[in-house]
Amino acid sequence: MDKDNLTYMEEVMKEAKQDEAWDAPEEVKEMMGADAPALSWIMLDL
Amino acid sequence: MGNELYTLKQENLKKVLAHQEGDWVPTLSMFTGAAIAWGGTTFKDAWHDPDRYVAAMSKVYEDIWVDVFQLASLINPVDLVDYFPQIQNKLGPDGTTLEHLQRSPMEAGEYDQLIANPDKFVADVLIPRMFPKFFEDREWAKEGVKKIAEARAHLFGTLTQRTHENLKEKFGITPIMRGGIAFANPLDIIFDSFRGFRGTLTDIRRQPEKVKAALDVLWENQMVPRMKPLDDPYPYIFQPPHIPAYISPKQFEELYWPYQRKIIEWIAGQNSKLLFVLEGKWSNLLHFFREVPKDSCVLLVDDDDIFEVNRVLGDWQIIVGGLKAADTRFDTKEVIIDKTKRVLDACAPGGGFLFGMDKVCLAPGDINENVAAAYNYVHEHGKF
């Protein structure tokens, strides 16, 4: 992988949030974590 | 009814938590899987039906007097296992009992990377090791983050929140534990999330300097950002310590207590208390809690003798316990009541004591007729 993983995760989060097919309220979308480090720590402890 | 009960329970609780005698000895519950079984269903069957979930999780409080709860819902979004089969927290075959299958993704030779940048280490090394597909398939990753968000929102925002609202309205019961935040000692972070039981205990002996450096970095990276001024001192922030029962008093003093003292002193500075589980046996560590401000901790007693904890700390910190889950499985009701009476006689005078169990009620049968008898006895006879 060329990109730094945190940058990649940030992009994935942004694309998911902007996906028009995902009909979820903002408060639901926020539950993926505030940023890429937050998401990675959430995933670490799933 | 709920609001009147809520006011009564809170006023009484406030006195006891201030180390004064209230009108009665409060009871604290930690009912999760056993509660939904008591309510006649399973987490698996009720997960997608919030009304059913809330009704089932609330049923036990019709039968057992509870003043305040630490847990009244699941704490892990267990349905993610369908998309991420490698997750650590999942339901057992009965569809109710939570199973934790600890993973230890960090290797012994990776402390330098952890110390250099914990966030980058987790994202660059550990997450790809645990979830390789996340970095190989961008569309799969996008669906994955949606599922994480939806599962967490469903658990915390719908199932748990609605259960809490129902318990307050019907029974006047609210959580003693603050939602949305928990504290963790840096050594527990290494133990729980990185190196596991064997790895951490080996590292402490073989590379203590690396471990110490990692603890300092994790303190700055994970704990300091959480220490934001509290808008309200109640409910209390929860901390589940896991490694202290397995290390020596010397290791505890050198590697655990310096950070723990800072956490407790910060909490005390906020006029709040730390809700802290004495997981395992702490008999040779209890004196440490006399070094921090009076009434700065609410200590949930696990395997220790409640009478000994009360003797050492009863005048200094708030103590919760008195009923052993194993006893409720094997003792007669008469023996349970007799033991409960002795606990009340020893621990209740002067306030600062809540009656509770030593274990979270995770599995069907953990709440039983003996649990009900003990809790209801405390409420009926535990008057000051």
Side-chain angles (χ1 to χ4, degrees), chain A, chain B residues 75-78 80-81 83-90 100 102-103 105-106 117-132 134-158 180 182 184 189 192-194 221-222 225:
Chain A
M1 168 165 289
D2 295 323
K3 279 181 184 162
D4 169 72
N5 281 6
L6 284 169
T7 305
Y8 169 81
M9 294 176 83
E10 207 75 63
E11 290 174 358
V12 165
M13 293 169 76
K14 188 176 175 187
E15 288 169 23
K17 283 181 184 172
Q18 291 175 345
D19 185 349
E20 291 181 3
W22 191 27
D23 183 22
E26 272 310 305
E27 58 265 30
V28 170
K29 295 181 179 180
E30 287 170 7
M31 295 300 282
M32 68 175 65
D35 51 25
L39 172 63
S40 64
W41 283 87
I42 288 170
M43 292 179 70
L44 183 67
D45 289 326
L46 280 178
Chain B
I75 56 169
N76 301 98
V78 289
L80 284 172
V81 71
Y83 203 77
F84 299 101
Q86 58 277 72
I87 63 175
Q88 302 173 101
N89 300 295
K90 50 191 83 176
H100 176 75
Q102 189 181 51
R103 296 187 56 168
M106 178 182 161
N117 186 329
D119 289 341
K120 197 166 162 46
F121 174 63
V122 170
D124 285 354
V125 179
L126 302 188
I127 300 301
R129 192 171 284 160
M130 297 168 79
F131 305 98
F134 194 90
F135 299 91
E136 295 161 359
D137 184 337
R138 195 178 186 98
E139 289 304 311
W140 187 89
K142 269 166 53 177
E143 288 308 305
V145 296
K146 291 178 192 174
K147 287 187 182 297
I148 289 171
E150 286 171 346
R152 298 180 82 232
H154 183 62
L155 174 58
F156 302 125
T158 301
I189 297 176
D192 291 337
S193 303
F194 294 153
N221 177 271
Q222 286 296 304

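Residue numbering restarts at 1 for every chain, and letters A, B, ... go by the order of the sequence lines.
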Please flag which part of B:Glu139 lies under 4.5 Å from any non-hydrogen atom of chain A: side chain, backbone, both or neither. neither

Atom pair CZ/CD of B:Arg152 and A:Glu30 - distance to nearest 0.5 Å: 11.5 Å

Which one, B:Asp124, B:Ile87, B:Asn89, leads in non-hydrogen pairs under 4.5 Å with chain A? B:Asp124

Side chains of B:Lys142 and A:Trp22, heavy atoms from C-beta outward: is any pair under 4.5 Å? no

With the side chain counted from C-beta on, respond yes when A:Asp4 and B:Lys120 share a heavy-atom pair under 4.5 Å apart, and no when they do not. yes

In terms of relative ring orientation, are B:Tyr83 and B:Trp140 parallel, tilted or perpendicular, with 30° and 60° separating the classes? parallel

Chain A: which of B:Phe84, B:Phe194, B:Phe156 shares the most heavy-atom pairs with it under 4.5 Å? B:Phe194

Atom group of B:Leu155 that falls short of 4.5 Å from chain A, counting heavy atoms: neither

What part of B:Asn117 lies closer than 4.5 angstrom to a heavy atom of chain A: side chain, backbone, both or neither? neither

Less than 4.5 Å to any heavy atom of chain A: does that hold for the side chain of B:Lys90, its backbone, both, or neither? neither

In terms of heavy-atom pairs under 4.5 Å, which option from A:Met32, A:Glu15, A:Met13 contacts chain B the most? A:Glu15

At a heavy-atom distance under 4.5 Å, which candidate from B:Glu143, B:Arg103, B:His154, B:Gln222 has the highest pair count against chain A? B:Gln222

Can you confirm whether A:Asp35 sits close enough to A:Glu10 that some side-chain heavy atom of one is under 4.5 Å from a side-chain heavy atom of the other? yes

Taking the six-membered ring for Trp, are B:Phe121 and A:Trp41 closer than 6.0 Å centroid to centroid? no

Is A:Glu11 paired with A:Lys14 through a side-chain N to carboxylate O contact shorter than 4.0 Å? no

Tell me, for B:Phe134 versus chain A, whether the close heavy atoms (under 4.5 Å) come from the side chain, the backbone, both or neither. both

When only pairs under 4.5 Å are counted, which of B:Pro118, B:Ala149, B:Ala153 shares the most heavy-atom pairs with chain A? B:Ala149

A:Leu44 versus chain B, the contacting section by heavy-atom distance below 4.5 Å: both

Quick check: do B:Met130 and A:Leu46 have side-chain heavy atoms less than 4.5 Å from each other? no

